[in-house]
Each structure stands twice: as C-alpha cells, then as structure tokens.
There are 2 protein chains.
Amino acid sequence: MSGRGGRARLAGYPLAMAARELQERIKKLIVDGRLPSGAPLPTEPALMAHLGASRNSVREALKALQAMGIVEIRHGFGTYVGAMSLAPMVEGLAFRTVAGHHRGEDSLLQLLELREALETGLISRLAGKLPDRDLDELDALVARMERQAAHGGDGLAETDRAFHAALYRGLDNALLGEVLEAFWEAFHTVRTDLGGAPQDPETTCGQHRDILDAVRSGDSLQAEAAIREHFGNIRSRLSAPRPRSSQERHREQEDPRTPRRHGEPGPQGRHHERV
Amino acid sequence: MSGRGGRARLAGYPLAMAARELQERIKKLIVDGRLPSGAPLPTEPALMAHLGASRNSVREALKALQAMGIVEIRHGFGTYVGAMSLAPMVEGLAFRTVAGHHRGEDSLLQLLELREALETGLISRLAGKLPDRDLDELDALVARMERQAAHGGDGLAETDRAFHAALYRGLDNALLGEVLEAFWEAFHTVRTDLGGAPQDPETTCGQHRDILDAVRSGDSLQAEAAIREHFGNIRSRLSAPRPRSSQERHREQEDPRTPRRHGEPGPQGRHHERV
DNA sequence: CTAGCTCAGTTGGTTAGAGCAGCTGACTCT
DNA sequence: AGAGTCAGCTGCTCTAACCAACTGAGCTAG
C-alpha cells in the first residue's frame, strides 16, 4: 500500500489541476510579489502545500519555468527568481536553426539576415551620436581585435561580440541590446557547431574599423553601407561551403500536421525507440 | 520496501545523469534523426529504456523541452517534435515585460522601441518592391480595419496583426516574419494584460493606410516616416498614463546576485511560503 | 449491411514515499 | 583559536501505483 494515487486535497480546487496552471500560479506568485531577479522562492515542500499539488507536478512546473529563464534552481540551496535573460531564447533559436539546417533549410542564412536587418536599421540612428567615451572603447576593441588576429585569432569571437554589444549600448535600451546579443550568440553557436569556415580575421578587422569610422564621422549612410558590407562578407563565407543543392529541400514531409499515433510507425516512424 | 531509490542501470553510464543531459540527448535524437516538425518521438517508457532514466526524469526533461517549443506533448496520444515556433519566446518575453513593468521599469516601452527599430529598418527595403498581389491583400486588410473601427472595434487587433504580418511577408524570410509577429504578440499581450488605453481606431486606420500608400509609391523615406509616425502614436498612448517617474527605477537591489539561503529571509524573503 | 456504441489497450498525467546528493552552519575535538 | 564532523536544510532521482485522454477493434441495434 505505498503509492495509492489518491487525492487528498484541500477541497475547493478543481481536481484536474493542469500542470499548465501550476506554472501560471507560480508566475503569478512572482509578479504579484514584485519579486526581483534573485529573490528566493518558496521551497518545494512549501510550494506543494501552497499549490496543493504533488512534489512531481511542482517540480515539472519549475523545470518548465527554468527552461524559460523565469526561475533559477540551485541544488542544495534553493529556488530563485531567474535573471530573465534571453538565454533560453538563444538556446531555442539555436536548436531551431540547427534542426532546420540538418533538414536542408537555409535557416542559418535566415538568422544572419535577421541580424543584418536589425543592425542596419539601428546603425543609422547611432551615427554621430555616440559619446567619445563609447567611441574610445570601440577603438580599443578594434585594436585588441587586430592584435588577436595577428596572434592566431584566439578570443577573436569574444571581442567581435563585445564590439557589437558596445556599439548599440548607446541606444539606452537594455532589451534591444540583449536581443542583439542573443541573436549574435545563437548565430555564433550554430556556426561553430556546424563547423563552418571561420571568417578571415584581417578582413573582419578592417570592416569593424570601417564601421567605427563611419559612426564617428556621423555619416549614417556610410555607416549603414559598412554594416551591410560586413554582413555581406559573413554571408559569402556561409553560402560557399554548402554541399547540398537548395532544390533538395522539403523532403520527408508526408503530411506532417496529422501525425499517426504511436504503435503505427510511418515511413520513418519510431526508429529510435530501440536503437 | 517500496521506493528503494536504487540504480539498476545498464552500466557504463555515469550515475549522475544530470537532467540537463537528458534534454541534450533527446535533442540529439531529433537532430540526428533529422526529424521534421510533427514526427513522433518514442513513448515515455521507450525513452526510459533508451536513456536509462526513470519516468520522472524523462518527463521533467520533456517538460523543459516542451517549454522551449522543441517538443509537443499530447495527452493520451503521444509525444512529437514541436513546431519550433517562437511561441515560447513570446511567453518569456511577455512575462519578462510584465514583471519588469510591475517593478517600475519601462519595459513595455523598450519592447515597443525594439519593434520600431526592426520595422523601420525593414520597411525601406520593401518600398516599391511588393507584388500587386500583396498590395491588394493589404488594401483589403485596411478596408476591413476601417469597417471594424466603425462597428465598435471588434477584432481590430487581429486585423492589425495580420497587416503587419502581410507587410513583411515579401521579405521571403520565414524567421524574420515569425520574430516580428512574436514581438507584436508579446507587446499586445502585455498591453492588454496591463489594461493600457487602447489606440484610437480612426487614427490607427489612417496610419496604416499611410504606410500602405508609401510602400506602394516606392518612396522608402516616406514609408519609414509613416512607420515612425505609427509607432509614435502608440508610444504616446503608452507613456501617458504612467504615474511613476522614470528616475525612480532601480530600487530594491541589495546585491541580488548573492541571494541568501532559504530559512534566512531577507528584507522581502519568503513571504509567500505560508500565505 | 451499416451506423453507432462500448470496451480494451495504448498514451501521457498525477500522486506517493523513499533514498540520494549538494550545501551550510553549528558543534566538537584537537 | 582552528579544523574537522555532523545534523539539517535544500533540490534530485528512483520506484510503483492509479487517473485521465484518446484510438481502434469489435459488438450491437437498426
């Protein structure tokens, strides 16, 4: 008589306490309490009592919230309000892009175009409006980049990211900066995972300097052109080493929106199950 | 002697089988199998056998993947590769914005600025390049919008969203379209949740028509101006009913990165726990 | 013979209790 | 006083049962 699965509850709650609802209630806890990032959440037993759900359900809800970055869990320490960074978005985007790429889509190129659209749209409103302090920082970053390029290219990617991050800091919009960095990171992650050809360090350095010069001079058209040139460079290196022809996409479809049930494997069905 | 917690495993696997690793392995299953959206995944028992983990752990991993949109779970039916839509991003972004707003940040305004930056950056490359078919569709949408505005405004938001979606369809980049829609939805969700003043239907319709006219005429500068005007309108309605001054942000910090442990409540600690 | 219903069997959802593992702070021994 | 130990929190994993949603085969009524 161990796990009997009965429902001794506080009465008054619907018995079908969907997991979805648990998530919402925990989120409500955070919003209503105006809890800032890092604030402690109730322990699992406390949440069980408060939400009237079992340990397992509470944990599944927390796991989902953790995956969304809303909650942070530390083993042996406690549960806390998450940093709400866009890291989960990066992960989701990266996976989506990798999966799409492996299925023959040009998902990585689309991601690059997304970045290009955003940055070209933003650079014009920066031209000539950056304080000297930021310009000096960008100068230093380009210098470091050139130094790293000469010495084998170690840490070049990190400097590249720092450059783009510093560039758009002047917009005074934290969300904007985070989204840009998220897209950068997703792109970078996927490209390295896929073993794509890295950029030519020298060319890249030059383009970064061009961007900086244009922004400093205040010529917004030239700045936009410089950004576009930079992305064009990356794009060319991206589309070059692609073996599969672009016509061979969209295979293995077979009415994907009405999937068959388990136990009735389709053409490609359940061939993992046993492995 | 019911739950003994022993570890009868296939031997060869590390015993510390972190939940994180389970997620990675399931993701690998999808990528390596080149499974398209909607393809069936192994059942929970099958995953238990394949991954050598308990039902509970498998389910927690699946829950996390579900939260990221990588996996779709249907009660009584099976588990499938998710649509990889950006819906989870919408949810995360919306929550982040709501939470920020309740803490006194201008997060909603930042979200609006993000949309504005993206759309202004994109509209110029659309001007004069949309096929007649798309222009006709946009015409129809504006007409419907005007009709809805006259009849109380039911369904106006949906038409608004359709307009923006149709506008950027010509870019031939599915990701871009989805991101734009995701931002639109996050913004709309938060604004309605927060009970912000809705826009004036008449003005909004006029602005949409201005945008369409500018795009049709091919005048990219005018198109950009029209978009900016549109967002300016929304922005003004947003910042109007805000009681708190913008200087009073960044309170209640108190070193949020080294949170105290449970049982030692800080200034605002664990006041949910008992409720 | 067909339309509809019922029921067995599949799938995921939830609960329960026990033991495992990481971390901290107080207590104890040197 | 300093260092090691241990009790006690915390979250993590496992097992085992039952609950609920859904499908499809088979039966029944028309």
Side-chain angles (χ1 to χ4, degrees), chain A residues 1-10 13-23 26 40-49 51-66 71-80 82 258-265 269-270 273, chain B residues 1-10 13-23 26 40-49 51-66 71-80 82 258-265 269-270 273:
Chain A
M1 182 67 76
S2 59
R4 68 182 212 291
R7 309 247 190 160
R9 202 170 347 260
L10 296 77
Y13 280 123
L15 261 65
M17 187 74 61
R20 177 75 190 183
E21 195 172 326
L22 278 186
Q23 290 182 36
I26 296 176
L41 257 52
T43 67
E44 287 182 358
L47 279 175
M48 288 169 60
L51 301 174
S54 80
R55 188 94 188 269
N56 233 321
S57 302
V58 168
R59 279 186 55 75
E60 283 182 11
L62 285 175
K63 274 282 178 184
L65 292 177
Q66 183 188 35
V71 144
E72 187 179 345
I73 304 177
R74 302 191 201 176
H75 188 171
F77 201 70
T79 308
Y80 300 86
T258 56
R260 66 225 142 266
R261 196 186 177 194
H262 279 128
E264 292 296 330
R270 66 184 338 174
E273 194 165 348
Chain B
M1 178 69 79
S2 61
R4 68 186 212 291
R7 309 250 189 157
R9 199 160 3 247
L10 295 77
Y13 280 123
L15 264 64
M17 187 73 61
R20 176 76 189 184
E21 195 172 328
L22 277 186
Q23 290 181 36
I26 296 175
L41 257 53
T43 67
E44 286 181 359
L47 279 175
M48 287 169 61
L51 301 173
S54 78
R55 179 121 184 258
N56 233 322
S57 303
V58 169
R59 280 183 55 75
E60 283 183 10
L62 286 176
K63 274 284 177 182
L65 292 177
Q66 184 188 35
V71 144
E72 185 180 345
I73 305 176
R74 302 190 203 176
H75 188 171
F77 201 70
T79 309
Y80 301 85
T258 57
R260 65 227 142 261
R261 196 185 176 195
H262 279 128
E264 291 296 330
R270 67 184 334 172
E273 196 166 345

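Throughout, protein chains are lettered first and strands after them, A, B, ... in sequence-line order, and every chain is numbered starting at 1. Values in this document were obtained by computation on a predicted structure and should not be read as measured data.
A search for side-chain hydrogen bond (donor to acceptor under 3.5 Å, both in side chains) contacts involving Gln23(B) returns nothing, not counting sequence neighbours. For Gln66(A), the side-chain hydrogen bond (donor to acceptor under 3.5 Å, both in side chains) test picks out no residue, with sequence neighbours left out.
Annotation: proximity of residues 58-65 of chain B to DNA chain C (heavy atom, distance under 4.0 Å) is found for Arg59(B), numbered in ascending order.
Regarding contacts with the backbone of dG12(C), a side-chain N or O of Thr79(B) is found under 4.0 angstrom from either OP1 or OP2. Between Ser57(A) and the phosphate of dG13(C), there is no side-chain N or O to OP1/OP2 separation shorter than 4.0 Å.
Between dC22(D), dC12(D), dG12(C), one nucleotide has an atom nearer to the side chain of Arg55(A) than all others, and that is dC12(D). Taking every side-chain heavy atom of Asn56(B) into account, dC14(D) is the closest of dC12(D), dC14(D), dG13(C). Candidate nucleotides dA16(C), dC14(D), dC12(D) were compared by shortest atom distance to the side chain of Ser54(A), and dA16(C) ranks first.
Counting atom types as modelled, Arg74(B) pairs no side-chain N or O with a base atom of dG13(C) as donor and acceptor under 3.5 Å.
The interatomic distance linking Tyr80(B) (OH) with dT10(C) (P) rounds to 15 Å, in whole Å. Nucleotide dT10(D) holds its P atom 12 Å from the CE atom of Met48(A), rounded to whole Å.
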Where do Glu44(B) and Leu62(B) land on the side-chain contact (heavy atoms from CB on, under 4.5 Å) test, with the steps shown first? CA-CA 9 Å; Glu44(B) 286 181 359; Leu62(B) 286 176; 4.3 Å; yes

